[in-house]
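Just below is one structure, and these are the notes that go with it.
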Amino acid sequence: MGSWEEQVRKFLQEEEEEDDELFFVLVPAIVPFLAEEKVAVHTSSLPGALKVKEILEGHPSWCKVEFRMEPEIFRATSNFLRRENLLRDTRCVAAEEQLGMFMYMLSHNASNQKLQKAFQHSGETIHRKITEVFDIIPALTHRFVKLPSSII
C-alpha cells in the first residue's frame, strides 16, 4: 500500500515541477504584452453618424458617389424603413447610418475593415448592422417587386 501512495506522490511532484517550468517559460513571454499600451483604432474626428450627415448635407453628387442615391431618395428610404419598423435606431447607430453603411458597402464593394475605418465602429457592430439590413431585403422584395404574370 505504501508503494502505491509513493507512486502517486511522485507523480504529483513531477506534475508540479512541470507546471513550474511552464510558468518560468510563459511569464517572460507574456510580460511585454502586459505593459503594452492600448492604442485606439477609431481615431477619425468624424464618427459614422456625422459622416452620413455630412454626405447628405453636402453636394448632391457626393451622396451619389458614396451611396449611389440622391440625398432625397436616401432620406425617403431611411424614413420609410423607420416608419415601417424595418430598421430601428439603436443606442449607437441610427437608421440613416445603418442604411449608409449598407449602401456604402454595396457601392464600393467595401470590406468590413473598410467599413470600420469609414464609419468608426467595431467589426462586430458593422457585421451586425449590415446583417440587419440584409435581413429586411425579403420584406422589401415582396412589397416592391412585382413578378411578371405567367403567359399561358
Legend entry - Gln98 side chain vs Val93 backbone, donor-acceptor pair below 3.5 Å: yes

Inset, instruction - Using the rule that two of Ile, Leu, Val, Met, Phe, Trp, Tyr join whenever any of their side-chain heavy atoms come within less than 4.5 Å, decide whether Phe144 and Val133 are in one cluster. - result: yes

Legend entry - Short N-O contact, Glu132 and Lys129, less than 4.0 angstrom: yes

Inset, instruction - Please round to the nearest 0.5 Å and tell me the distance separating atom NE2 of His142 and atom CD1 of Ile137. - result: 11.5 Å

Inset, instruction - Kindly indicate, with the supporting measurements, whether the criterion side chain to side chain contact (heavy atoms under 4.5 Å, CB included) is fulfilled by Arg128 and Thr131. - result: CA-CA 5 Å; Arg128 193 169 10 91; Thr131 301; 5.8 Å; no

Legend entry - With Glu97 via salt bridge (charged side-chain N to carboxylate O under 4.0 Å, His left out) - residues at least two apart: none

Inset, instruction - For Thr125 and His121, indicate whether the former's side chain and the latter's backbone hold a donor-acceptor pair under 3.5 Å. - result: no

Inset, instruction - Determine whether Leu87 and Glu96 make a side-chain contact, defined as any pair of heavy atoms from C-beta on separated by less than 4.5 Å. - result: no

Inset, instruction - Name the orientation class of the two ring planes belonging to Phe134 and Phe102 (parallel below 30°, tilted from 30 to 60°, perpendicular beyond 60°). - result: perpendicular

Legend entry - pair Leu81-Glu84: side-chain heavy atoms closer than 4.5 Å: no

Inset, instruction - Would you check if Lys53 and Leu56 make a side-chain contact, meaning some heavy-atom pair closer than 4.5 Å? - result: no

Legend entry - Taking every non-hydrogen atom, the tightest pair across Ala95 and Asp89: N-OD1, 2.6 Å

Inset, instruction - Go through the steps for Ile130 and His127 under the test side chain to side chain contact (heavy atoms under 4.5 Å, CB included), then give the verdict. - result: CA-CA 5 Å; Ile130 293 295; His127 174 77; over 6 Å; no

Inset, instruction - Of all the heavy-atom pairs spanning Met69 and Phe74, show the shortest one and how long it is. - result: SD-CA, 3.6 Å

Inset, instruction - Give every residue pair that meets the side-chain hydrogen bond (donor to acceptor under 3.5 Å, both in side chains) criterion with at least one member in residues 102-115, sequence neighbours excluded. - result: Asn112-Gln116

Inset, instruction - Starting at CD1 of Ile55, measure out to CE of Met103 and round the result to the nearest 0.5 Å. - result: 12.0 Å

Inset, instruction - Report yes if the side chains of Leu106 and Phe67 come closer than 4.5 Å at any heavy-atom pair, otherwise no. - result: no

Inset, instruction - May I have all residue pairs that pass side-chain hydrogen bond (donor to acceptor under 3.5 Å, both in side chains) and include part of residues 68-78, sequence neighbours excluded? - result: none

Legend entry - Any side-chain heavy-atom pair of Leu86 and Leu140 under 4.5 Å: yes

